[in-house]
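Read the structure below first, then the notes.
Because the structure is predicted, anything quoted here is derived from the model rather than measured.
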Amino acid sequence: MSIGFTFTGKVKKPEALVASAKKLAEERRYGLSSWDPMKENALNISLCPLGGLIQMSWRKEGGLFGQWAVEGCCYSTPAGPGLHKAAVEALDGLGIQKLAVEDETEYFQHRDFDRMLREHFHPWLKTLVEMSCQKISEGDCAQMCLCWDLDSYMPEDVPGTVVTPVGRFSAQRLREIAETQGVEAMAERFFLWYHPGKRDALYDRQVALNLLWELCYFAPSSRHEEDASMNKTICDNLEMAAKLDPSLPLPRKAYKEVCELAGRQPALPDGPELEAEFEPGYRKGLVTYSIGPLRLTIPGLYRYEREQWEGGKGCDMWCDETSLSPIWRVNGYKMNSGAAAFTPVLADDNDLTEHEIKGGAIRYGWRECDEGGQTVYQVRAEVITGPSLFVITVTHLEAEDRPGIVELMEKIFAQTQDIEKQTIQAIKEE
């Protein structure tokens with residue numbers, strides 16, 4: 001379920017469309033990128049985080065005087081009604097002829113923002129919250145993910161809670177907000193871009209909350225340029241929010257924590273703290289990554305990289321560079337026919353353990369080895385699930401790290417069924 005619009009139209013020259021998009025992006029500080037790197041006839045205009053994209057493509061019509069047919073879409077949930085308004089206004093400025101817009105909110109036609117809120121965004125949010133709370137109360141699942149990107153990691157399970165891109169809430173708390181404060185209060189806390197207009201204090205706060213909860217590693221800025229950029233953006237947005245509206249509640253404790261990580265002097269004036277049941281930061285705990293059917297649970301602090309080997313091969317790798325943490329490497333293989341089986345590679349490893357897991361089986365052990373005159377340790381594992389074999393190697397410097405690594409090995413499982421019943425998405429239903 002989602003809210004959004006689709007559109008079609010024509011242009012005489014795609015170059016003019018691209019030029020209009022570039023001008024719009026420069027004037028309003030939007031991002032611009034190719035929709036598909038393999039195509040030159042597709043474009044993304046990025047208006048905000050949380051999927052705030054206008055996607056469009058074009059193709060040449062037949063005939064001697066054929067024009068270029070344009071089509072595109074924008075899904076404005078979960079980012080919010082402010083995105084919907086901005087996307088419609090962006091569409092106005094692209095110079096598309098014979099423009100036809102299918103907008104389920106009808107905002108493109110009536111341009112009444114308050115009406116769009118009342119008739120579409122408020123009911124949409126209320127329905128999603130009721131659905132998630134009901135599933136938890138009925139015992140269908142311990143935790144619900146609301147509008148969570150299925151291609152991202154999954155946060156650690158906390159029974160009775162709802163995971164969103166801007167924070168974790170108990171189902172009980174969401175019910176209390178709905179019953180005592182109304183849907184407007186829920187909307188201000190949930191949507192990234194709630195008010196009309198490009199930038200206000202609430203928008204800046206919500207962007208910072210999304211970064212704090214979903215993307216921030218809570219690592220020193222010196223660790224990696226990604227951490228430095230993340231920490232700076234969070235602080236900048238919260239300071240701007242305080243400047244625009246000193247009375248707006250902000251996550252001040254988290255702000256001071258990120259300032260310390262960034263080596264930055266806190267600059268927020270005195271003001272109210274944003275009340276919350278949980279401290280920001282899914283990555284402060286364990287997170288679960290999907291590699292095909294494999295589900296790997298490791299500390300959220302670890303950064304991911306694709307390690308490249310000679311011959312164009314490589315593996316998925318996670319580690320924390322600043323702490324000389326264990327380095328997790330994962331490779332996946334798939335049988336052309338039949339089910340995968342364990343190999344003899346681990347036969348001589350110490351404390352070899354083998355047992356069934358959800359969706360498959362695992363075998364793991366450990367060994368001591370020498371790398372350039374230095375003693376290092378490796379916990380090695382194989383996971384089989386259907387036709388797939390996954391090889392996992394965890395290299396570490398201290399023998400004392402092994403029990404924690406083994407504990408994480410025991411959390412590995414294979415997901416062979418659809419997980420969408422635990423996740424309420426904001427995507428278009430086909």
Side-chain angles (χ1 to χ4, degrees), residues 2-9 11 17-35 42-57 70-96 99-125 147 149 164-166 184 187-211 233 236-237 240-241 244-245 248 426-428:
S2 67
I3 297 175
F5 62 81
T6 60
F7 62 92
T8 60
V11 292
L17 177 62
V18 173
S20 296
K22 287 182 177 179
K23 182 181 178 182
L24 178 74
E26 290 172 0
E27 291 175 348
R28 305 187 187 183
R29 298 173 61 187
Y30 295 154
L32 204 64
S33 63
S34 172
W35 186 3
L43 196 64
N44 271 345
I45 304 176
S46 178
L47 283 68
C48 72
L50 286 185
L53 300 174
I54 300 175
Q55 298 179 321
M56 67 184 79
S57 61
V70 181
E71 63 180 5
C73 64
C74 177
Y75 298 123
S76 43
T77 48
L83 166 64
H84 197 99
K85 179 179 185 296
V88 166
E89 292 172 350
L91 201 58
D92 290 338
L94 292 178
I96 300 174
L99 181 62
V101 179
E102 291 290 335
D103 182 352
E104 59 194 277
T105 73
E106 298 182 346
Y107 177 76
F108 182 83
Q109 288 75 29
H110 60 65
R111 307 298 172 107
D112 185 334
F113 187 81
D114 290 337
R115 174 183 167 185
M116 179 174 66
L117 279 183
R118 294 191 309 270
E119 295 181 354
H120 294 278
F121 281 89
H122 285 168
W124 177 89
L125 179 59
C147 301
D149 183 358
T164 81
V166 292
E184 293 85 357
E188 285 193 348
R189 190 62 182 82
F190 176 83
F191 288 120
L192 185 88
W193 193 346
Y194 183 53
H195 296 146
K198 174 53 185 170
R199 185 164 187 156
D200 65 0
L202 184 61
Y203 176 88
D204 282 307
R205 187 192 75 179
Q206 295 301 96
V207 169
L209 281 174
N210 174 238
L211 294 176
T233 303
D236 287 349
N237 276 72
M240 178 59 73
L244 294 173
D245 183 359
L248 182 69
I427 57 176
K428 187 72 174 178

Please report the interatomic distance [atom1]([X]) to [atom2]([Y]), rounded to the nearest 0.5 Å.
X      : Y      : atom1 : atom2 : value
Trp193 : Leu47  : CH2   : CG    : 5.5 Å
Leu209 : Asp204 : CG    : CG    : 11.0 Å
Ile96  : Ser20  : CD1   : OG    : 8.5 Å
Asp114 : Glu119 : CG    : CD    : 11.0 Å
Tyr75  : Thr6   : OH    : OG1   : 7.5 Å
Ser76  : Tyr107 : OG    : OH    : 11.5 Å

Is there a donor-acceptor pair under 3.5 Å between the side chain of [X] and the backbone N or O of [Y]?
X      : Y      : result
Gln206 : Arg189 : yes
Thr77  : Ile3   : yes
Glu71  : Ser57  : no

(request) List in chain and number order the residues that pass ring-ring contact (aromatic ring centres under 6.0 Å, His included) with Phe190, two or more places apart in sequence or in another chain; answer none if no residue qualifies. (result) none

(request) Mind checking ring-ring contact (aromatic ring centres under 6.0 Å, His included) for Phe108 and listing every partner two or more places apart, or none if nothing turns up? (result) none

Among all residues two or more places apart in sequence or in another chain, which pass the salt bridge (Lys or Arg N to Asp or Glu O under 4.0 Å) test with [X]?
X      : answer
Glu106 : Arg115
Asp200 : none
Asp92  : Arg111

What's the shortest heavy-atom distance between [X] and [Y], and which atoms?
X      : Y      : result
Asp103 : Gly4   : OD1-O, 3.8 Å
Gly95  : Val11  : O-CG1, 4.3 Å
Asn237 : Ala208 : CB-CB, 4.1 Å
Gly52  : Leu83  : CA-CD2, 3.5 Å
Phe121 : Gly80  : CE2-C, 3.6 Å
Glu188 : Arg205 : O-NH2, 3.7 Å

(message) Salt bridge check, Glu26 against Lys22: does any charged N sit closer than 4.0 Å to a carboxylate O?
(response) no

(message) Which residues pass the side chain to side chain contact (heavy atoms under 4.5 Å, CB included) test with His122, not counting sequence neighbours?
(response) Leu117, Val183, Glu184, Ala187, Tyr194

(request) Taking the six-membered ring for Trp and the single ring otherwise, decide whether the centroids of His84 and Phe5 are under 6.0 Å apart. (result) yes

(request) Take His195 and Tyr203 through the side-chain contact (heavy atoms from CB on, under 4.5 Å) test and state the conclusion after the steps. (result) CA-CA 8 Å; His195 296 146; Tyr203 176 88; over 6 Å; no

(message) As a quick check of understanding, evaluate side-chain contact (heavy atoms from CB on, under 4.5 Å) for Phe7 and Val70, giving each step before the final call.
(response) CA-CA 8 Å; Phe7 62 92; Val70 181; 4.2 Å; yes

(message) Which residue is it: Ile45, Asn44, Val18? I am looking for the one with a side chain to side chain contact (heavy atoms under 4.5 Å, CB included) to Leu32.
(response) Ile45

